Amino acid sequence: MKQAIPILVYHSVDTECSSAYRRWMVLPSEFDAHMGVLADNGYQSMTISNLATRLRQGAPLPPRAIAITFDDGLADFRTGALPVLRRYGFPATLYVVSGYVGKTSRWLTPLGEGARAMLNWQELRNISEVGIEIGAHSVCHPQLDILTIARASQEIAGSKRVLEDGLGCEVPSFAYPHGYFNRKTQDIVRGAGFSSACRVRHALASDTEDLFALSRIVMTSAISAGDLHRLISGVALPVAPRAGRAIERGWRVVRRISRHFSVTAEPTAEAAETGNM
Ligand SMILES: [Zn+2]
């Protein structure tokens, strides 16, 4: 029987941000309450690579397996999320935009967060030594599915190479920026040597899901601890639905055309990750 595996994705855990970014910032107290729900209900957190390895081998999972992920590599991971994760003893996976390590999140400029601090190399190395897996999230956070194959390859393979050089360890997992990918993107990710990749989808992942399109639930400031419990217990979410392919294809065409004609509808940054735009 299919086992549902909730995979959460957070972005920022902090106390201040622009109003346009507010949806993507969870307060440390809210994050603490979220982790409390997981602990109280017996969830066991795994890194994505640990999860993917077990799924590939057909090895059993804990009955309440869950994965906690963070996209982008913002500096507030270290101050807002890490102390809470360590207190609960939860491993997690942090997907880092390699081209902005030690700089600021320039791609978030349209949301008023272009000057938000990113983690630096020393911080990333320290973080990777305390049970946090570092994954790749491209070089500069583009919409990979509308790039040429050559450009997408640079973004995907380049981020793996730079992170592995900077960290001195293997980086086996990838997360698609904005959650956007297509079959070609997946092939490039596989070819670059990654062994798993995460998408964004308002659904629970399962033990039969494609390891290069693992569904993640976007965690926003609007999700209370009670909401989270309903989401991960399957009351409020389906297990990896098949719906939405036609809609995704249609939206990709719109984004491609917008880019071609330089229409401002372009990167609404992480907003796209809700999948409901
Ligand atoms: Zn991102």
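Whatever order the structure lists them in is the order used to number ligands and atoms, beginning at 1. Quick caveat, the model's predicted, so the values are computed rather than measured.
In terms of the salt bridge (charged side-chain N to carboxylate O under 4.0 Å, His left out) criterion, Arg64 has no residue partners (sequence neighbours excluded). By the side-chain hydrogen bond (donor to acceptor under 3.5 Å, both in side chains) test, Ser138 pairs with no residue at all, sequence neighbours left out.
His137 contributes NE2 as its N, O or S atom closest to the Zn ion (ligand 1).
Contact annotation: His11 places no N, O or S atom under 2.8 Å from the Zn ion (ligand 1).
Cation-pi check for Lys160 over Phe174 is not met; the charged atom does not lie both under 6.0 angstrom from the ring centroid and within 45 degrees of its normal.
To the nearest 10 degrees, the angle centred on the Zn ion (ligand 1) between NE2 in His141 and OD1 in Asp72 reads 100°.
Here the two rings, on Phe31 and Phe70, have centers that are under 6.0 Å apart.
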